[in-house]
Amino acid sequence: MDFNFTEEQEMVRDGLSRLVREQYDWDTRREVIASESGWRPEVWAQLAELGILGMPFSEEDGGFGGGAVDALVVMEEFGKGLVVEPFIPSVVCAGGFLKHAGSSEQKEEHLGAIIDGSRVYAFAYAEPRGRYNLADLETTARKEGGDYVLNGHKAVVIAAPWASHLVVTARTAGERRDSDGISVFLVDKSADGVVTRDYPTVDGRWASEVYLENVTVPASALVGEEGAALPLIEQVVDEAIAAASAEACGAMKVAHAMTVEYSRQRKQFGVPIGSFQVLQHRMVDMYTEYEQSVSLAYLATLKLDGSERERKLAASTAKVRIGQAAQYVGQEAIQIHGGMGMTDELAIGSYFKRLTIFESEFGNVDHHMKRHIALS
Amino acid sequence: MNLEFTPEEVAFRKEVRAFIEENYPKHLADMGMREDMSPEDMVAWHKVLGEKGWSVPAWPTEYGGTGWTPTQRYIWSEENARVNAFMPLPFGVSMVGPVIYTFGNEAQKEQHLPGIRSGDVWWCQGYSEPGAGSDLASLKTTAVRDGDHYVINGQKTWTTLAQYADWGFFLCRTDPDAAKPQEGISFILIDMKTPGIEVRPIKLIDGGYEVNETWLTDVRVPVENLVGEENKGWTYAKFLLAHERSGIAGVARSKRGVEKLREIAGSEVLDGEPLMSDFDFARKVSQLEIDLAALEITELRTLAGEQAGKGPGPESSILKIKGTEIQQRLTELTLEAVGSYGTPQYGSIADAGSNQYPVGPEYAQHSAATYFNMRKTSIYGGSNEIQRNIITKMILGL
């Protein structure tokens with residue numbers, strides 16, 4: 001048993017933490033997310049230069065030979081600074097599909113662009129009526145000669161406004177919600193028939209509604225086997241859950257630290273409010289929630305290479321418990337900050353909002369509780 | 001003991017329901033509080049009620065109250081909640097109004113009560129300061145007597161909707177040497193157009209601007225604007241806070257909120273079935289409704305106590321704590337119900353540089369903003385921690 005990070009991972013953490021500290025201060029972030037583009041391609045380029053975007057890929061694939069633990073390190077630092085750049089959609093999700101199931105041609109065309117940051121990819125899986133069921137798809141891909149023709153509506157596709165390509169889940173056969181008959185496609189966002197509607201999200205990112213209207217893609221756009229992609233999608237989503245869990249831990253850590261610091265500074269009744277036992281115990285509970293969450297982010301990450309059942313159980317365990325913790329820590333952070341916590345002037349509100357949305361990403365608490373029950 | 005309404009009360013319900021259906025502004029139906037609401041919209045219903053004579057039901061009849069029993073007032077708030085009516089703002093009707101008719105002089109009553117009743121005069125509350133929130137008695141804004149005037153200096157914060165206010169009621173320190181901080185405070189009415197007042201809106205985490213910082217620099221206020229006695233303001237402030245707390249439970253509104261939540265969860269789909277038929281979700285909605293039932297009867301018991309002549313006492317702190325917890329839970333479950341469509345930012349899309357129109361179902365569009373916004377309820381009006389302190393001291397005697 002070993003819970004230590006390698007020297008390399010510690011170096012990456014230090015480098016990333018410096019980058020976030022120096023270039024991702026609160027005021028800069030606020031300006032960036034309110035700007036027209038909503039993100040900073042130059043930060044993305046820097047991350048590529050530091051090798052961050054290539055960390056989870058094998059050397060054979062052009063990466064640095066790391067894996068999920070590296071993604072955990074990256075996302076924890078992202079969470080601390082509420083970094084909005086799309087590591088999970090582009091590197092973890094799109095990169096994950098290519099890593100696990102991409103053909104050598106697909107890897108050549110797409111993985112290099114992900115690793116060097118020249119292209120951003122978004123993962124279009126959710127649908128307006130699918131809730132969190134990855135198999136509940138109304139989007140279809142119809143085979144036509146050597147091509148596929150895609151039709152459907154993908155909902156709240158995070159980072160799609162910045163992306164040049166989309167990874168799209170669609171039904172090639174079977175009935176809605178069938179496990180079989182699901183396929184994954186790489187779609188160029190500039191292809192005819194791809195219509196997007198872009199908007200900011202409440203937690204400082206950007207997303208799109210993606211409408212696919214008779215979008216024709218060649219057979220080479222299919223990732224993995226036709227009609228048999230659900231296990232692959234589940235695997236990639238579990239990887240995304242592990243990474244997002246690490247991000248939530250980073251955000252909780254900072255939210256907790258800010259709250260403790262505020263309770264030291266803020267005086268009422270002639271003393272710092274941090275001297276009140278009722279608040280002390282609640283900040284202890286926040287800390288405990290955070291520590292429990294870190295443990296489960298590790299569990300979810302380390303079980304990604306385990307058996308399918310172990311992996312799924314660990315991902316759902318983490319998503320349930322960290323979803324609960326994120327809500328608790330976020331709410332208590334605002335409450336203990338009092339009126340100031342309600343204002344847009346302090347960073348704490350943004351941590352609260354990010355933690356709120358985390359709960360619903362890749363399946364909410366109830367969804368993963370049901371999945372846990374089904375697996376137990 | 002019984003919970004049945006009398007035939008008279010049933011008839012009363014019919015009467016007010018018909019009135020609301022006929023007169024509530026159509027364009028505001030089922031909107032509740034929204035950040036994109038105009039100030040005219042916020043007083044529209046108040047003005048209609050002012051003309052009808054129903055804007056201040058709880059006031060004594062000699063000052064324009066309706067003379068309704070607490071049960072009738074309860075029916076009234078229930079019927080308004082049915083259409084999610086935007087009720088008259090509390091600052092005049094439930095806060096300063098009762099202070100003026102209880103502690104003010106005849107001239108003040110004549111000057112101010114008609115405008116509060118009609119909705120023509122907009123009031124704001126100058127209580128909290130940057131350094132005086134939960135510890136309100138530590139406030140530093142000073143009022144110094146200079147001939148026929150007070151000269152007021154200081155900074156207030158969280159002055160709700162002060163950007164539209166005509167008048168404000170302010171707590172100011174008139175005796176800096178008093179033995180206890182509570183003893184040197186006075187309750188002063190200020191015309192918001194007086195030179196030296198600057199109101200700066202504060203942006204909140206939901207993107208809205210409902211509260212302000214209010215700066216007072218050498219603001220000259222005639223001494224006749226002092227309510228009651230100088231240095232006795234804390235007594236009036238406490239009286240007002242107890243009134244604020246009893247209205248804060250929001251039972252009728254939460255009941256409508258539960259109904260709306262059921263509608264939303266009936267439209268949302270989980271594996272092809274309505275989310276409302278999912279046991280896990282339904283259980284949470286029922287839990288909320290169960291908590292709400294307990295709060296409702298607790299409020300009715302409090303109202304019955306009032307009917308028997310007891311004013312709102314420390315038990316109104318229970319109503320504040322449970323009422324706000326339920327309101328918050330309601331917004332949590334609504335956000336949960338709408339799934340991924342809680343994520344897009346709607347209210348301030350223009351503000352954030354997008355020219356795109358909203359996405360997702362209409363009912364999802366303010367769910368995150370409302371959830372964020374409602375975190376304020378356990379902070380304002382005396383935070384829920386302060387309410388627990390009040391119960392500890394006044395009821396438990398510890």
Side-chain angles (χ1 to χ4, degrees), chain A residues 33-38 126 128-133 136 155-156 158 176-177 197-209 266-270 273 276 278-279 327 331 334-335 337-345 348-350 352-353 356-357 359-361 364-367 369-370, chain B residues 128 130-138 157-158 202-207 211 268-272 275 278 280-281 284 328 332 335-336 338-349 351-354 356-361 368-369 371-373 375-376 378-380 383-385 388-389:
Chain A
I33 65 173
S35 71
E36 192 100 11
S37 69
R129 282 166 297 275
R131 210 162 172 85
Y132 305 113
N133 182 347
D136 195 343
V156 197
I158 296 291
R176 209 177 141 180
R177 292 190 295 281
R197 189 189 291 167
D198 304 343
Y199 48 83
T201 66
V202 292
D203 57 349
R205 299 175 296 169
W206 278 73
S208 307
E209 295 302 289
R266 171 70 176 170
K267 283 191 179 156
Q268 288 285 270
F269 306 103
I273 61 170
F276 300 129
V278 70
L279 298 190
Q327 190 185 44
Q331 291 180 351
I334 297 297
Q335 183 69 22
H337 273 81
M340 285 310 293
M342 289 300 299
T343 71
D344 196 42
E345 286 163 41
I348 194 66
S350 297
F352 166 58
K353 289 192 269 189
T356 299
I357 295 306
E359 201 270 332
S360 67
E361 284 180 321
N364 68 357
V365 168
D366 276 11
H367 173 82
M369 191 69 92
K370 286 183 169 68
Chain B
S128 295
S134 287
D135 182 13
L136 185 58
S138 69
T157 193
W158 319 131
I202 298 172
K203 188 175 182 186
L204 295 185
I205 54 176
D206 64 342
V211 294
E268 284 292 316
V269 179
L270 170 64
D271 292 341
L275 176 63
D278 174 56
D280 292 339
F281 194 81
K284 287 185 268 199
Q328 292 179 334
E332 258 173 56
L335 180 59
E336 182 179 334
V338 304
S340 306
Y341 282 118
T343 300
Q345 177 172 309
Y346 297 98
S348 316
I349 280 183
D351 198 37
S354 163
Q356 304 290 357
Y357 51 94
V359 296
Y371 168 71
F372 298 147
N373 182 277
R375 302 314 304 173
K376 73 186 177 191
S378 49
I379 296 168
Y380 70 24
S383 73
N384 287 12
E385 289 80 15
R388 287 183 170 89
N389 287 348

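Each chain gets a letter, A, B and so on, in the order the sequences are listed, and its residues count up from 1.
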*Asks:* What part of B:Asn373 gets within 4.5 angstrom of chain A, counting heavy atoms only: side chain, backbone, both, or neither?
*Replies:* backbone

*Asks:* Between A:Thr343 and chain B, with a heavy-atom cut-off of 4.5 Å, which part of the residue counts as in contact: side chain, backbone, both or neither?
*Replies:* both

*Asks:* Identify the two heavy atoms, one from A:Ala155 and one from B:Tyr341, that lie closest to each other, and give their separation to 0.1 Å.
*Replies:* CB-OH, 3.2 Å

*Asks:* Name the region of B:Pro130, side chain, backbone, both or neither, that has any atom closer than 4.5 Å to a heavy atom of chain A.
*Replies:* backbone

*Asks:* So, taking the atom named CZ in A:Phe269 and the one named CG in B:Asn389, what distance separates them when rounded to the nearest 0.5 Å?
*Replies:* 7.0 Å

*Asks:* What are the two closest non-hydrogen atoms of A:Asp366 and B:Phe281, and how far apart are they?
*Replies:* OD2-N, 4.2 Å

*Asks:* Go through A:Met340, A:Arg176, A:His337, A:His367 and name the one with the most non-hydrogen pairs under 4.5 angstrom from chain B.
*Replies:* A:Met340

*Asks:* Looking only at heavy atoms, which two atoms of A:Thr201 and B:Gln345 are closest? And how far apart?
*Replies:* O-OE1, 3.4 Å

*Asks:* Determine whether the aromatic ring centres of B:Phe372 and A:Phe352 lie less than 6.0 Å apart.
*Replies:* yes

*Asks:* Would a distance-only check, ignoring hydrogens and angles, find a side-chain to backbone donor-acceptor pair under 3.5 Å from A:Gln268 to B:Ser134?
*Replies:* yes

*Asks:* Looking only at heavy atoms, what is the nearest atom pair of B:Leu335 and A:Thr356, with distance?
*Replies:* CD2-CG2, 3.6 Å

*Asks:* Closest heavy-atom contact between A:Gly338 and B:Ile379?
*Replies:* O-CD1, 3.5 Å

*Asks:* So, A:Lys353 side chain and B:Ile205 main chain: donor-acceptor pair closer than 3.5 Å or not?
*Replies:* yes

*Asks:* Within the 4.5 Å heavy-atom criterion, are B:Thr343 and A:Tyr199 side-chain neighbours or not?
*Replies:* no

*Asks:* Output yes when A:Lys370 and B:Asp280 qualify as a salt bridge under the 4.0 Å nitrogen-oxygen rule, no when they do not.
*Replies:* yes

*Asks:* Is A:Gln327 close to B:Glu332 at the side-chain level, that is, under 4.5 Å between some pair of heavy atoms?
*Replies:* yes

*Asks:* Is there a side-chain contact between B:Val269 and A:Arg131 in this structure, where contact means two heavy atoms from C-beta onward sitting under 4.5 Å apart?
*Replies:* no

*Asks:* At a 4.5 Å cut-off on heavy atoms, which part of B:Ala137 comes close to chain A: side chain, backbone, both, or neither?
*Replies:* neither

*Asks:* Please state whether the side chain, the backbone, both or neither of A:Ile334 comes within less than 4.5 Å of a heavy atom of chain B.
*Replies:* both

*Asks:* I would like to know whether B:Arg388 and A:Val278 meet side-chain contact (heavy atoms from CB on, under 4.5 Å); could you show each step before the answer?
*Replies:* CA-CA 11 Å; B:Arg388 287 183 170 89; A:Val278 70; over 6 Å; no

*Asks:* Please name the pair of heavy atoms, one in B:Gly339 and one in A:Tyr132, separated by the smallest distance, quoted to 0.1 Å.
*Replies:* CA-OH, 3.3 Å

*Asks:* Taking every non-hydrogen pair under 4.5 Å, which of B:Ser128, B:Gly133, B:Gly342 racks up the most with chain A?
*Replies:* B:Gly133

*Asks:* Can you say whether B:Glu336 sits under 4.5 Å from chain A via the side chain, the backbone, both, or neither, judging by heavy atoms?
*Replies:* both

*Asks:* For A:Gln335 and B:Glu385, does a side-chain donor sit closer than 3.5 Å to a side-chain acceptor?
*Replies:* yes

*Asks:* In terms of side-chain geometry, is the basic nitrogen of B:Lys203 or A:Glu345 positioned less than 4.0 Å from the acidic oxygen of its partner?
*Replies:* no

*Asks:* If only atom types and distance count, is the side chain of A:Glu209 paired as donor or acceptor with the main-chain N or O of B:Val359 below 3.5 Å?
*Replies:* no

